[in-house]
A.B. asks: 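Input: one structure, supplied below.
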Protein chains: 2
Amino acid sequence: MKENIFNVIERLANLTRQEARVAGSAEGLQPVQQEALHFLSICNKYSDTPIAVTEYLGLTKGTVSQSLKVLESKGLIEKVKDEVDKRITHLKVTSTGLAFIASTSPPEKFTQAISEMPEQDQQTMLTLLKSTLRHYQLASGRKGFGVCKQCKFNQSVKDNFVCGLTEEPLSIKDVELICREYA
Amino acid sequence: MKENIFNVIERLANLTRQEARVAGSAEGLQPVQQEALHFLSICNKYSDTPIAVTEYLGLTKGTVSQSLKVLESKGLIEKVKDEVDKRITHLKVTSTGLAFIASTSPPEKFTQAISEMPEQDQQTMLTLLKSTLRHYQLASGRKGFGVCKQCKFNQSVKDNFVCGLTEEPLSIKDVELICREYA
DNA sequence: AAACATAGTTTCGACTCGATACATTATTTA
DNA sequence: TAAATAATGTATCGAGTCGAAACTATGTTT
């Protein structure tokens with residue numbers, strides 16, 4: 001059973017990677033660069049840094065630094081120095097970058113395949129996949145990437161949200177974005 | 001919804017790839033080489049060729065040829081010329097190769113994560129993932145890789161199986177292995 | 001103030017990948 | 001039957017990925 005689940009996930013990943021290769025070839029974007037851009041388009045302000053991308057993709061920072069340089073040179077992201085901690089660089093996805101991601105992620109045929117399944121099945125599968133990922137991240141001893149709403153550092157005060165880790169107020173938008181400090 | 005399903009699958013794939021990178025580093029095996037070896041360990045005699053590996057991984061034959069050369073040089077597979085069609089090379093996984101795959105696939109922590117889920121959930125997820133893959137392969141206009149039991153070319157005669165495409169008798173083992181001509 | 005930790009870049013060598021050209025062997029067509 | 005075409009597989013090239021290591025700069029601890 002686990003063998004089969006593993007096989008199918010591997011195969012799905014191979015297919016999406018192929019689609020990404022084709023979709024990105026026009027812009028000269030490699031699959032891994034698209035994954036980085038995709039992450040940056042869905043993460044919040046605590047996670048829009050090279051190190052967060054590194055942890056998300058599970059690569060080394062040197063490798064990721066190269067990929068980000070490419071994304072920047074193509075005008076898909078911009079680097080902005082953090083005003084408080086000057087070691088940190090924030091990566092902002094440009095409108096060009098957002099447009100690219102919107103047109104390629106999820107890949108067209110993947111989207112089509114999912115759409116052909118009953119709504120209820122989609123929901124069930126998502127729930128089970130999320131559960132698998134959570135268990136997998138725990139088993140890997142890896143910090144999870146999650147959204148602030150469920151983060152133990154997210155403390156809501158009346159109608160506003162405050163990050164309990166940094167005590168910074170969070171916008172509604174931040175609360176719904178993926179966060180590196182998720183716990 | 002589709003976005004989320006896509007995100008989770010991508011993340012699961014990243015994690016398994018990382019585990020594979022670590023597991024293979026001792027033997028000097030790259031993730032893609034492990035995937036090729038894994039496929040060869042579960043395919044039948046119609047699919048144990050370089051071109052079948054190429055189609056399965058979605059790469060070009062030149063690229064795959066290189067990976068197979070590495071697997072051969074490490075004694076994990078052996079190349080055997082086809083007696084009938086002399087263009088074809090069959091790839092046999094050696095006992096060393098089988099031992100490696102058995103110890104690394106699925107990755108340990110992935111297995112652990114799956115095992116922690118209720119049996120019923122595992123079954124449900126497998127069914128839904130398979131359905132997704134089937135739809136995805138169709139949408140991609142790609143020939144599916146499946147097992148002979150459901151293949152339209154598989155015609156059973158009494159207790160024996162015969163491949164309706166080649167009219168060759170199939171062993172019980174062949175019938176249960178993944179096949180390139182699956183349709 | 002010194003030691004250490006963190007964020008990020010650069011450089012290097014090994015490897016992946018697609019594209020192309022090529023050799024062999026089958027199959028189709030004329 | 002001969003020629004054209006198709007299929008399987010290999011070799012080579014250049015662009016790109018990857019981890020490791022060395023490095024800079026900035027923060028944090030001691």
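Everything numeric here is computed off the predicted structure, so don't read it as measured data. Naming: A, B, ... by sequence-line order, numbering from 1 per chain.
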A.B. asks: What nucleotide, of dG9(D), dC18(D), dT25(C), holds the atom closest to the side chain of L59(A)?
C.D. replies: dC18(D)

A.B. asks: Quick one: I51(B) CD1 to dT25(C) C1', roughly how many Å, whole number?
C.D. replies: 15 Å

A.B. asks: Taking for each residue the nucleotide of DNA chain C bearing the nearest heavy atom, is the 5' side occupied by K86(B) or by S67(B)?
C.D. replies: S67(B)

A.B. asks: Treating S105(B) as the side-chain partner and I101(B) as the backbone partner, does any N or O pair qualify as donor plus acceptor under 3.5 Å?
C.D. replies: no

A.B. asks: How long is the line joining OH of Y56(A) and P of dA7(C), in whole Å?
C.D. replies: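 So the OH-P distance, Y56(A) to dA7(C), works out to 19 Å.
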
A.B. asks: Just by modelled atom types, is the T111(A) backbone N or O under 3.5 Å from a matching donor or acceptor in the S115(A) side chain?
C.D. replies: yes

A.B. asks: Go nucleotide by nucleotide along DNA chain C from the 5' end; which of I88(A) and V70(B) gets its closest nucleotide reached first?
C.D. replies: I88(A)

A.B. asks: Strictly distance-based, threshold 3.5 Å: is any side-chain N or O of T94(B) a donor or acceptor partner for the main-chain N or O of L76(B)?
C.D. replies: yes

A.B. asks: Using the closest heavy atom to pick a nucleotide of DNA chain D for each, name whichever of P50(B) or V84(A) lands nearer the 5' end.
C.D. replies: P50(B)

A.B. asks: Do any side-chain nitrogens or oxygens of K79(A) fall under 4.0 Å of OP1 or OP2 in dT9(C)?
C.D. replies: yes

A.B. asks: Could you state the CG-P distance from D82(A) to dA25(D), rounded to the nearest angstrom?
C.D. replies: 18 Å

A.B. asks: Would you confirm whether T54(B), through its side chain, and V64(B), through its main-chain N or O, come within 3.5 Å as a donor-acceptor pair?
C.D. replies: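 No, because the side chain of T54(B) does not come within donor-acceptor range (under 3.5 Å) of the backbone of V64(B).
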
A.B. asks: Assign T89(A) to base, sugar-phosphate, or nothing according to its heavy-atom contacts below 4.0 angstrom with the strands shown.
C.D. replies: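 Here T89(A) touches the backbone only, sparing every base.
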
A.B. asks: Angle between the end axes of the helix from dA1(C)-dT30(D) to dA30(C)-dT1(D), five pairs per end, to the nearest 10 degrees?
C.D. replies: 20°

A.B. asks: How long is the line joining CZ of R87(A) and C1' of dA7(C), in whole Å?
C.D. replies: 6 Å

A.B. asks: Take L15(B) and F110(B) through the test side chain to side chain contact (heavy atoms under 4.5 Å, CB included) and record every step on the way to the result.
C.D. replies: CA-CA 9 Å; L15(B) 289 174; F110(B) 178 86; over 6 Å; no

A.B. asks: In whole Å, I'd like the distance from the CG atom of D48(B) to the C1' atom of dG9(D).
C.D. replies: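 Going from CG in D48(B) over to C1' in dG9(D) covers 14 Å.
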
A.B. asks: From dA25(D), dG19(D), dT25(C), pick the nucleotide closest to the side chain of D85(B)?
C.D. replies: dT25(C)

A.B. asks: Whole Å only: how far is the CD atom of E83(B) from the C1' atom of dA26(C)?
C.D. replies: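 Value for this atom pair: 16 Å.
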
A.B. asks: Could you name each residue pair satisfying salt bridge (charged side-chain N to carboxylate O under 4.0 Å, His left out) that touches residues 12-29 of chain B, not counting sequence neighbours?
C.D. replies: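 As it turns out, the salt bridge (charged side-chain N to carboxylate O under 4.0 Å, His left out) pairs with a partner in residues 12-29 of chain B, which skip direct neighbours, are R17(B)-E35(B).
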
A.B. asks: For a quick check, with a 4.0 angstrom heavy-atom cut-off, what is the B/S/- contact string for nucleotides 10-15 of chain C, read 5' to 3'?
C.D. replies: BB---S

A.B. asks: Among dG18(C), dA26(C), dA7(C), which is the nearest nucleotide to the side chain of R21(A)?
C.D. replies: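 Among the listed nucleotides, the one closest to the side chain of R21(A) is dG18(C).
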
A.B. asks: Is a donor on one side and an acceptor on the other found under 3.5 Å between the side chain of T132(B) and the backbone of L128(B)?
C.D. replies: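 Yes, because the side chain of T132(B) sits within donor-acceptor range (under 3.5 Å) of the backbone of L128(B).
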
A.B. asks: Side chains of E10(B) and T16(A): any donor to acceptor distance under 3.5 Å?
C.D. replies: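 Distance-only check passes for T16(A) and E10(B).
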
A.B. asks: Distance check, rounded to the nearest 0.5 Å: L71(A) atom CG versus L29(A) atom CG?
C.D. replies: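 Result: 6.0 Å between the selected atoms.
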
